[in-house]
Amino acid sequence: MTNKNIKDNYPYENLEYDNFNYYKSVLNNSKKKKVAPIFGLERVEIHPTSNCQYKCSFCYGKNFKNRNKSELSLSYIDNNILKPIIRNKNLLKHDPIIILAGLFSEPLLYSEIDALINLLGKYKLRFAVYTNGLSLNNSLSEIICNNALQIGGSSKCYISFNISASILHDNYSLLLKKIKFFLKIRNKMKAPIIINLPILIENDLLSKINLPKIQKDLLKISVDRIRYSIPQKPINLISLKLKYANLITKLKKDGGDKVYIRSRSGKHFDKCFVALNTISIDSFGNVYPCSQTCSKIFNKLSYGSIKKDKISEIWYNKKHMALYNNFVNIRCYCRCNHADNQFNSILSFFDKNLIK
């Protein structure tokens with residue numbers, strides 16, 4: 001099975017698959033055998049730390065109370081996540097991407113971030129980093145680019161800068177310098193890394209900035225993608241003022257292929273097919289079905305811990321299958337991100353209308 005993303009394989013946006021016949025076939029076979037479909041592991045998101053320098057009003061995790069500070073030890077990540085993947089053909093065959101991120105945290109604040117990225121290069125595991133960029137320095141930029149080079153193959157790595165956080169905290173100029181240096185190193189080393197700049201579409205934020213100038217700055221230094229997106233608040237819905245909606249539409253037109261727009265989070269589904277190709281792990285080691293639920297507030301959806309078991313023992317175990325089979329009966333307020341919403345929507349359609 002091969003898959004392709006129409007936006008340069010960016011792992012979370014506008015996901016589109018070459019061969020959905022593969023998924024239909026897996027669904028069909030699973031229904032005949034009356035078992036859960038097994039798609040294969042494609043994304044592993046790790047939140048290595050709970051720390052963050054910023055307190056953003058639009059943070060997805062700001063509604064999550066009682067956040068205790070924690071870090072996931074490098075030993076657990078290495079021995080219970082990374083090594084089991086590279087040693088297991090079934091886990092490795094779909095070329096899973098390792099995503100370093102945080103639901104309400106900053107992965108580059110992880111105390112062993114250099115060593116972690118070096119391990120990804122050593123094991124030739126494709127990776128992505130979602131960061132506010134404040135902790136990115138010259139040395140870390142070189143480490144990221146160097147390890148992207150070690151991986152080889154046609155697939156690229158990614159770094160996504162949350163530029164909105166820096167704008168909110170008056171660090172935009174500093175972040176722009178850091179991005180320029182990263183681009184310089186990437187281009188010099190010819191490292192296979194896509195650079196993405198998400199900008200949140202929020203009324204308060206947009207009222208304080210010159211967005212056309214910011215887009216011009218970013219396109220001038222040749223970032224790969226600019227993404228305008230509605231903040232994915234799990235509780236508060238957002239109504240964008242018409243003047244800003246018109247502005248974003250114009251900027252999308254002016255930016256051409258380098259600029260795109262992500263819509264609001266999707267709905268809750270009766271079946272979570274994403275849980276069968278994605279795994280997310282929080283800074284306590286708890287395992288969840290996706291990035292949107294990677295927090296103790298969604299403990300009903302957790303089906304294991306890499307502090308107790310290896311990922312190869314957790315993936316498709318009894319608890320994992322029970323989560324999929326009983327998902328409709330679990331009461332929780334979860335909403336898909338845009339790409340996962342697309343995936344769940346299409347497979348739900350297959351499941352209800354095309355599979356016999």
Between the CG atom in N137 and the CG atom in D114, the distance rounded to the nearest 0.5 Å is 7.5 Å
Closest non-hydrogen contact found for D340 with R43 is OD1-NH2, 2.6 Å
Item to check | Within one Ile-Leu-Val-Met-Phe-Trp-Tyr cluster: I248 and L218, side-chain cutoff 4.5 Å | outcome: yes
I want to check something: taking the side chain as every heavy atom from C-beta on, are L247 and L211 in contact at a cut-off of under 4.5 Å?
yes
Taking a hydrophobic cluster as the set of Ile, Leu, Val, Met, Phe, Trp and Tyr residues connected by side-chain heavy atoms closer than 4.5 Å, whether directly or through intermediates, do L176 and L251 fall within one such cluster?
-> yes
Can you tell if the side chain of K31 reaches within under 4.5 Å of the side chain of V26, non-hydrogen atoms only?
no
Q) Taking NZ, NE, NH1 and NH2 as the nitrogens, is one of them in D95 or K124 under 4.0 Å from a carboxylate oxygen of the other? A) no
Here's one to test your reading of the geometry: is the NZ or CZ of K83 within 45 degrees of the ring axis of Y123 and under 6.0 Å from its centre? no
Taking side chain as C-beta onward, heavy atoms only, is K69 less than 4.5 Å from S283? no
* Do L175 and Y54 sit in the same hydrophobic cluster, where Ile, Leu, Val, Met, Phe, Trp and Tyr count as joined when their side-chain heavy atoms come under 4.5 Å apart? -> no
Fill in: Side chains of C145 and L149 in contact at under 4.5 Å (non-hydrogen atoms)
no
Note: E71 and Y110 closest approach over all heavy atoms is OE2-CA, 3.5 Å
Measure the acute angle between the ring planes of W315 and H320, then classify it against the limits of 30° and 60° as parallel, tilted or perpendicular.
-> tilted
Shortest non-hydrogen pair, C56 vs L168, comes out as CA-CD2, 3.9 Å
One should read off an interatomic distance between E112 CD and D78 CG, to the nearest 0.5 angstrom, of 10.5 Å
**Message:** Within the structure provided, determine whether L219 and K258 are in side-chain contact (heavy-atom separation under 4.5 Å).
**Reply:** yes
- Query: L200 versus S229: any side-chain heavy-atom pair under 4.5 Å?
  - Reply: yes
When every non-hydrogen atom of K178 is compared with those of G133, the smallest separation belongs to CD-O, 3.2 Å
**Path from I185 to I221 over hydrophobic side-chain contacts below 4.5 Å** = no
Correct closest heavy-atom pair for P48 and I77 would be CB-CD1, 4.4 Å
* Do the side chains of L174 and L109 join up, straight or via other hydrophobic residues, at under 4.5 Å, putting them in one cluster? -> no
Any donor-acceptor N/O pair, N325 side chain to M321 backbone, under 3.5 Å: yes
**Q.** Residue pair N80 / D309, side-chain donor-acceptor N/O under 3.5 Å
**A.** no
Of all heavy-atom pairs linking Y324 and C272, the shortest is CD1-O, 3.6 Å
*asked:* Would you call the rings of Y23 and F343 parallel, tilted or perpendicular, taking 30° and 60° as the class edges?
replied: perpendicular
Check: T49/N51 side-chain N/O donor and acceptor closer than 3.5 Å:
yes
Check the side chains of N132 and Q53 for a donor-acceptor pair under 3.5 angstrom, ignoring hydrogens and angles. yes
*asked:* Looking only at side-chain N and O atoms, does N79 offer a donor or acceptor that is under 3.5 Å from a partner on S75?
replied: yes
- prompt: Is the NZ or CZ atom of K271 both under 6.0 Å from the centre of the six-membered ring of F327 and within 45° of that ring's axis?
  reply: no
CZ of F273 to CG of D351, rounded to nearest 0.5 Å, is 4.0 Å
Distance-only, no hydrogens or angles: does the S280 side chain make a donor-acceptor pair with backbone N or O of C290 under 3.5 Å? yes
Quiz item: So do I195 and R186 actually touch side chain to side chain, heavy atoms under 4.5 Å?
Solution: yes
- Would you call Y228 and Q215 a side-chain contact if the rule is heavy atoms closer than 4.5 Å? yes
